[in-house]
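Below is one structure, written out as structure tokens; comments come after it.
What you see below is based on every heavy atom in this structure, not just the backbone, and it leaves out hydrogens, waters and symmetry mates.
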Amino acid sequence: MTLIFDAGAFVALEREDRAMWRRLKAAQQAGMPPITHGGVVAQVWRGGTGRQALLARAFQGIEVAPLGDELGRRAGVLLARCGLSDAIDASVAALASHGDQIMTSDPDDLAALIEASGWRVDVIPS
């Protein structure tokens, strides 16, 4: 099981949400660091380790996948299947496979995208 972070998970970390920090640390200790992609990083990063020290610390233990051609195409297919338009959310959903968990502040759209994928993935509000 892989833990996938959408922007809402990072916002929770930055707000010092203890439950989210516990999830992050548990995944890291299990040797399965959470993943996200570069588009999510762009949504939450606003400049420098000084202003966003907690977020910078969190990123040290997270795998950031490139939002390249392959991931972009998978995301586009999901968008076409469910009629949504948020490419960043679709790319988060496209990272997932059976048994994974997605932490998000947008559970309705992510659930629709996951349904379109056919995967059994838990979408957990952050």
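In terms of modelled atom types and a separation under 3.5 Å, the side chain of Ser91 and the main chain of Ala75 share no donor-acceptor contact. Counting only distance, with no hydrogens or angles, the side chain of Gln52 and the backbone of Val44 share a donor-acceptor pair below 3.5 Å. Listed for the Gln28 side chain is a donor-acceptor partner under 3.5 Å among the backbone atoms of Gly61.
No path of Ile, Leu, Val, Met, Phe, Trp and Tyr side chains, each step under 4.5 Å between heavy atoms, connects Leu84 with Leu95, placing them in separate hydrophobic clusters. Grouping the Ile, Leu, Val, Met, Phe, Trp and Tyr side chains by contacts below 4.5 angstrom, directly or via other members, places Val92 with Met20. No chain of hydrophobic side-chain contacts below 4.5 Å, direct or via other Ile, Leu, Val, Met, Phe, Trp or Tyr residues, connects Leu67 to Val77. The cluster map of Ile, Leu, Val, Met, Phe, Trp and Tyr, joined by side-chain heavy atoms under 4.5 Å apart, puts Met103 and Val123 in the same cluster. Hydrophobic cluster membership differs between Met32 and Ile4, with clusters built from Ile, Leu, Val, Met, Phe, Trp and Tyr side chains linked at under 4.5 angstrom.
Closest approach of Ser126 to Ala9, counting heavy atoms only: OG-N, 3.4 Å. Minimum interatomic distance between Thr104 and Asp106 (heavy atoms only, all atoms of both residues): OG1-N, 2.9 Å. Contact detail for Phe59 and Val41: the closest heavy-atom pair is CE2-CG2, 3.8 Å. Across all non-hydrogen atoms, the minimal contact from Trp21 to Ala58 is CH2-CB, 3.9 Å. Between Ser105 and Gly8, the shortest heavy-atom distance links the atoms OG-CA, 3.5 Å.
Two residues are said to be in side-chain contact when any heavy atoms from C-beta on lie closer than 4.5 Å; Leu13 and Leu54 fail this criterion. Within the 4.5 Å cutoff, the side chain of Val40 has heavy atoms near those of the Phe10 side chain.
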Does the pair Asp100 and Trp119 meet the rule for a side-chain contact (heavy atoms from CB on, under 4.5 Å), with working shown?
-> CA-CA 9 Å; Asp100 289 346; Trp119 296 108; over 6 Å; no
Does the side-chain contact (heavy atoms from CB on, under 4.5 Å) test come out yes or no for Gln43 and Ile88, once each step is laid out?
-> CA-CA 9 Å; Gln43 285 184 317; Ile88 300 299; 3.3 Å; yes
Full working for side-chain contact (heavy atoms from CB on, under 4.5 Å) between Ile35 and Val64 | CA-CA 6 Å; Ile35 65 170; Val64 179; over 6 Å; no
Please test Leu24 against Ile62 for side-chain contact (heavy atoms from CB on, under 4.5 Å), starting from the C-alpha separation and ending with a verdict.
-> CA-CA 8 Å; Leu24 172 60; Ile62 294 172; 3.9 Å; yes
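Residue Glu115 places its CD atom among 12 or fewer non-hydrogen atoms of other residues, nucleotides or ligands, all under 6.0 Å distant.
Taken from CZ in Arg120 to CD1 in Ile114, the straight-line distance is 12.5 Å, to the nearest 0.5 Å. Rounding to the nearest 0.5 Å gives a distance of 12.0 Å between CD of Glu63 and CG of Leu3. Rounded to the nearest 0.5 Å, atoms CG (Leu78) and OG (Ser117) are 6.0 Å apart. The CD1 atom of Ile102 lies 5.0 Å from the CG atom of Leu110; values are rounded to the nearest 0.5 Å. Atoms CG and CZ, from Asp17 and Arg23 in turn, are 9.0 Å apart once rounded to the nearest 0.5 Å. A distance of 6.0 Å separates NE2 in His37 from CG in Leu71, rounded to the nearest 0.5 Å.
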